[in-house]
Amino acid sequence: MSTPFQTAVKSTVHHTHRRDAIDRLIESDERLTLSVIVQLDGLRGEFRRQALEGLADCRATAELEALADEPTLESALRRRARDLA
């Protein structure tokens, strides 16, 4: 995974830097990495939602459809993924 990924998921990093790191992943079209962030159970919801919205910005339909069908993902995130796909 990338350095922006590590920044995004590390709990000791300030939330502004974490959001910026997710933005960098979106700009780099890091679809797999964004999908992993959405699925990280211990990560705050705001970061998971940002990554999910970023997948839509990347036009990552396949990843969004996979997330919409992922049974381990919270229902709200699955619904949003379905809406964005």
Side-chain angles (χ1 to χ4, degrees):
M1 299 284 167
S2 64
T3 301
F5 172 80
Q6 294 168 344
T7 302
V9 300
K10 192 169 184 179
S11 62
T12 57
V13 175
H14 191 271
H15 65 275
T16 302
H17 297 295
R18 293 171 83 178
R19 283 195 298 266
D20 291 344
I22 294 170
D23 284 339
R24 285 194 303 277
L25 292 169
I26 294 166
E27 291 169 6
S28 299
D29 201 35
E30 295 278 344
R31 297 171 182 207
L32 178 60
T33 306
L34 291 166
S35 183
V36 168
I37 289 172
V38 173
Q39 295 177 67
L40 284 177
D41 192 32
L43 194 60
R44 285 177 44 182
E46 70 176 287
F47 303 120
R48 296 170 77 187
R49 287 187 298 275
Q50 180 185 2
L52 188 61
E53 298 290 333
L55 284 169
D57 292 344
C58 294
R59 294 174 182 72
T61 305
E63 290 82 356
L64 289 166
E65 289 172 349
L67 290 169
D69 293 334
E70 177 56 53
T72 61
L73 198 61
E74 289 87 352
S75 60
L77 289 172
R78 284 196 318 264
R79 279 192 306 272
R80 186 64 183 145
R82 194 172 299 113
D83 291 344
L84 293 170

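Between L55 and E63, the shortest heavy-atom distance links the atoms CD2-CB, 4.3 Å. The two residues A21 and P4 have their closest heavy-atom pair at CB-O, 3.3 Å. Heavy-atom minimum distance, R78 versus L67: CG-O, 3.5 Å. Between L77 and R49, the closest heavy-atom pair is CD2-CG, 3.9 Å. Looking at every heavy atom in both residues, Q50 comes nearest to D23 through NE2-OD1, 2.9 Å. Listed here is the closest heavy atom pair of T61 and A85: CG2-C, 4.3 Å.
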Practice task
Dump the intermediate steps for side-chain contact (heavy atoms from CB on, under 4.5 Å) on I37 and E30, then the final yes or no.
Solution key: CA-CA 11 Å; I37 289 172; E30 295 278 344; over 6 Å; no
Handout entry: Check against side-chain contact (heavy atoms from CB on, under 4.5 Å), I22 and T7
Key = CA-CA 8 Å; I22 294 170; T7 302; over 6 Å; no
Practice task
List the steps, then state whether salt bridge (Lys or Arg N to Asp or Glu O under 4.0 Å) holds for R19 with E46.
Solution key: CA-CA 9 Å; R19 283 195 298 266; E46 70 176 287; 3.1 Å; yes
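With salt bridges taken as basic N to acidic carboxylate O contacts below 4.0 Å, one links E53 and R80.
When side chains are defined from C-beta on, R59 does not count as touching D29, because their heavy atoms never get closer than 4.5 Å.
Checking side-chain atoms of S35 against main-chain N and O of R31 turns up no donor-acceptor pair under 3.5 Å.
The line from CG of L32 to CZ of F5 is 9.5 Å long, rounded to the nearest 0.5 Å. We find the CZ-CZ distance between R18 and R44 to be 7.0 Å, quoted to the nearest 0.5 Å. Between T33 atom OG1 and I26 atom CD1 the span is 11.5 Å, to the nearest 0.5 Å.
V13 and F47 fall into different hydrophobic clusters, where Ile, Leu, Val, Met, Phe, Trp and Tyr residues are linked whenever their side-chain heavy atoms come under 4.5 Å apart, directly or through other members.
For the side chain to side chain contact (heavy atoms under 4.5 Å, CB included) with L64, the lone residue among D69, V38, L52 that qualifies is L52.
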